[in-house]
Peer 1: 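Below is the structure I would like to discuss, written out as structure tokens.
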Amino acid sequence: MIKILARPFPFLCEPRSTALVIIDMQRDFVEPGGFGASLGNDVTRLQAIIPTVRALLTLWRQAGALIVHTRESHRPDLSDCPPAKRNRGSPSLRIGDVGPMGRVLVAGEPGNQIVEALAPRASEIVIDKPGKGAFYATGLHEMLQARSITHLVFAGVTTEVCVQTSMREANDRGYECLLVEDATESYFPEFKAATLAMIAAQGGIVGWTAPSNQVLSAFLS
Ligand code: C5J
């Protein structure tokens, strides 16, 4: 059992039953010309967490523990993209439109790939999710249950959208969840701060948060 110094109190877990879940570290969110940029966002904020997420990935690989990567991703015929999602707002590029990195948020396109520094290995689970949450229409819960996973450590983007949605879905399914504070980012710093605060509030109503140095030192001690 390891003990991570976290908010609102220490997070206890066994590496063999604790998966690292890296949410949507895709070129479409992190690089210019993708979905995030098409919504008018500054993507450089998100690029800054790549080294920290990579450190967690390396730690989990060394521990031989389970790693899950997610991609927000739609079928080429967009049959899994509700019109309500595709048509909302006025982005410069909609889901399925052709941009500088291929069709936006479409499976198999260059922009839909996870950034090179965090590229999944063959032994790691990769989830293509049509929604913001990692559990909706993916079979992730069944995959985790088959591997006796009880605890999830989250990283990735964006904090208040796909990360928070996935963490809430996981919490409702009975997982103990921790979000690594400096391994997640938002286009809006105030939304990240609010998300971290609301997760750990009320005795950890959604779960725990901790900085990456506490996760690393707990695993390495
Ligand atoms: C968004 C995500 N923000 N991965 N997706 O649309 O957070």
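Order of listing sets the numbers, starting from 1, for every ligand and every atom in it.
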Peer 1: With a 4.5 Å cut-off on side-chain heavy atoms, are Phe188 and Arg45 touching?
Peer 2: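 Side-chain contact under 4.5 Å: no.
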Peer 1: Quick one, list the residues around ligand 1 where some non-hydrogen atom comes in under 4.0 Å, by chain and residue number.
Peer 2: Asp24, Phe29, Phe35, Glu72, Lys132, Val157, Thr158, Val161, Cys162
Peer 1: Answer whether the closest heavy-atom distance between the side chains of Ile125 and Met143 falls below 4.5 Å.
Peer 2: yes
Peer 1: Are Val68 and Leu152 connected in the hydrophobic side-chain network, where two residues link if heavy atoms are under 4.5 Å apart?
Peer 2: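 Yes, same cluster.
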Peer 1: Do Leu144 and Phe135 have side chains that approach each other closer than 4.5 Å (heavy atoms only, starting at C-beta)?
Peer 2: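 Yes, close enough: below the 4.5 Å cut-off.
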Peer 1: Hey, does the side chain of Gln47 reach the backbone of Val30 with a donor-acceptor pair shorter than 3.5 angstrom?
Peer 2: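 Yes; judged by distance alone, with no hydrogens or angles, the pair exists.
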Peer 1: List, one per line, each side-chain donor-acceptor pair under 3.5 Å for residues 203-215, sequence neighbours excluded.
Peer 2:
from	atom 1	to	atom 2	distance (Å)
Trp208	NE1	Phe9	O	2.8
Trp208	NE1	Pro10	O	3.4
Thr209	OG1	Glu181	OE2	2.7
Ser212	OG	Asp182	OD1	3.3
Ser212	OG	Asp182	OD2	2.7

